[in-house]
Amino acid sequence: MSLERIEMSLLHLPYVHYFETSFGREYDRTFIILRAVGDGVTGYGEIVAAASPLYSYETTETAWHVLRDFFIPLILKKDLEDPAAVARELSRFRGHPMARSGLELALWDLKAKKEGLSLSRLYGGKRSAISAGVSIGVQDTPDELVERIGAFLEEGYRRVKIKIKPGWDVRICESIRKTYPDLLLQADANGGYSPDDIPLMKELDEFSLLMLEQVFPPFDLLDHSRLQKMIKTPLCLDESITSVTTTRQALELESCRIVNIKVGRVGGIVEARRIHDLCEEKNIPVWCGGMLESGVGRAHNVHLATLPDFVFPHDISASRRYYKEDIVEPPFDITEEGMIPVPDGPGIGVEVLEDRIAGATQRHQVFKPA
Ligand code: OSB
Ligand code: MG
């Protein structure tokens, strides 16, 4: 047990193309990279909280605050380095899952690197490649969206997720299905609808969607359960799934038939694996969601997605789909078959480019044991 220091950097990176959801349009991303250093080895984690509290209540500033003032001082004081022990220790604090997840991820990477194992092996993952998918935001026109889908299919993606919002839903599915009748297509509402929109969801039910993601706001398990009984398209929950407890409630209420696991949203790998194991036991397939991560967060997602119940294609795409220059080497790429090979080096298995991080850093802080 010898954590020498923890470092946090606040980064700012422009997207290659704007990303629009039911929350609004974004041109760039602000996020935190966390490093845990021990015995000369550096473990990396990414905190997926955004600049504004839209997807969740957390922001980069709330994450910075709870990590600086509570989480990091406690684990340095207790000299804890084992990620499972840290998750247990931090369970005394409420909330702030993205902040705790970033710290846990850095410690998992550190542990795996020290043991000379890839994260996938450390987790007991079963795949050497994972199935890529692409999530495409709302565009200026339906034609632009159809054109973008075509370009991604040419790159090798086999599954497309579109973002929907009131006014950009049924008509958009019609346009896509005219050109791509057999495409593996799913839609994500990010909680942008209310139970008044159930008739509209019944219209969306006619487009053979692979799944419909988070129709109602996060806390509304009951209306998702009601909706699921009225449509044949499987519902998938994203924002509603915050822990193994909310997962159990969603499954018992039959609020969804598929679960999107995001390690940041559920507060770390320990909780993500509990959710994975519960879903596996209940025959509920899962897949790995994304938060437009840099290569660090993406690497963590790739390793997590090698667990056995991750059966649907993921919101994990090639680096160049998000950023002109990723902060890892080699950048993530997809094969002609639409797969992303799992790096087999120690830990996250990709090299982190500190000079690129430095170029994008707006603030940096180092924490050492007292
Ligand atoms: O709801 O899945 C979502 C991005 C930011 C916030 C929420 C979501 C998303 C995505 C992007 O859909 C998925 C990706 O990282 O490619
Ligand atoms: Mg989603």
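Position 1 is the first residue of the sequence, and the numbers go up from there.
With 3.5 Å as the limit, one finds no donor-acceptor pair spanning the side chains of Q214 and D188. At a cut-off of 3.5 Å, with distance as the only test, a side-chain donor of D39 or S2 sits close to an acceptor on the other residue. A donor and an acceptor atom, one from each side chain of R274 and T247, are nowhere located under 3.5 Å apart. For the residue pair Y322 / S317, a side-chain donor-acceptor distance below 3.5 Å is found, with atom types taken as modelled. A donor-acceptor contact under 3.5 angstrom links the side chains of T233 and D205, judged on distance only.
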Using the side chain to side chain contact (heavy atoms under 4.5 Å, CB included) rule, take V134 and E155 through it: C-alpha gap first, then chi angles, then the decisive distance, then the call.
CA-CA 11 Å; V134 63; E155 283 185 44; over 6 Å; no
Evaluate the criterion side chain to side chain donor-acceptor pair (under 3.5 Å) for residue pair E271 and S243; output intermediate values, then yes/no.
CA-CA 6 Å; E271 195 70 10; S243 64; 4.6 Å; no
Test salt bridge (Lys or Arg N to Asp or Glu O under 4.0 Å) on R100 and E104; report intermediate values, then the result.
CA-CA 6 Å; R100 70 180 72 217; E104 212 196 289; over 6 Å; no
Audit row: F367, R68, side chain to side chain contact (heavy atoms under 4.5 Å, CB included) steps and yes/no:
CA-CA 8 Å; F367 303 84; R68 178 193 60 203; 3.6 Å; yes
Check the pair Y57 / H96 against side chain to side chain contact (heavy atoms under 4.5 Å, CB included), numbers first and verdict last.
CA-CA 9 Å; Y57 64 82; H96 303 284; 4.2 Å; yes
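In this structure, the side chains of N260 and E213 come closer than 4.5 Å at one or more pairs of heavy atoms.
Cation-pi geometry between R177 and F207 is not met at under 6.0 angstrom from the ring centre and within 45 degrees of the axis.
A salt bridge does not link R88 with D82: none of the charged nitrogens is closer than 4.0 Å to a carboxylate oxygen.
Note: F31 and Y323 have tilted aromatic rings, judged against thresholds of 30 and 60 degrees for the angle between ring planes.
The salt bridge (Lys or Arg N to Asp or Glu O under 4.0 Å) with E81 is formed by just one residue from the set K114, K111, R5; it is K114.
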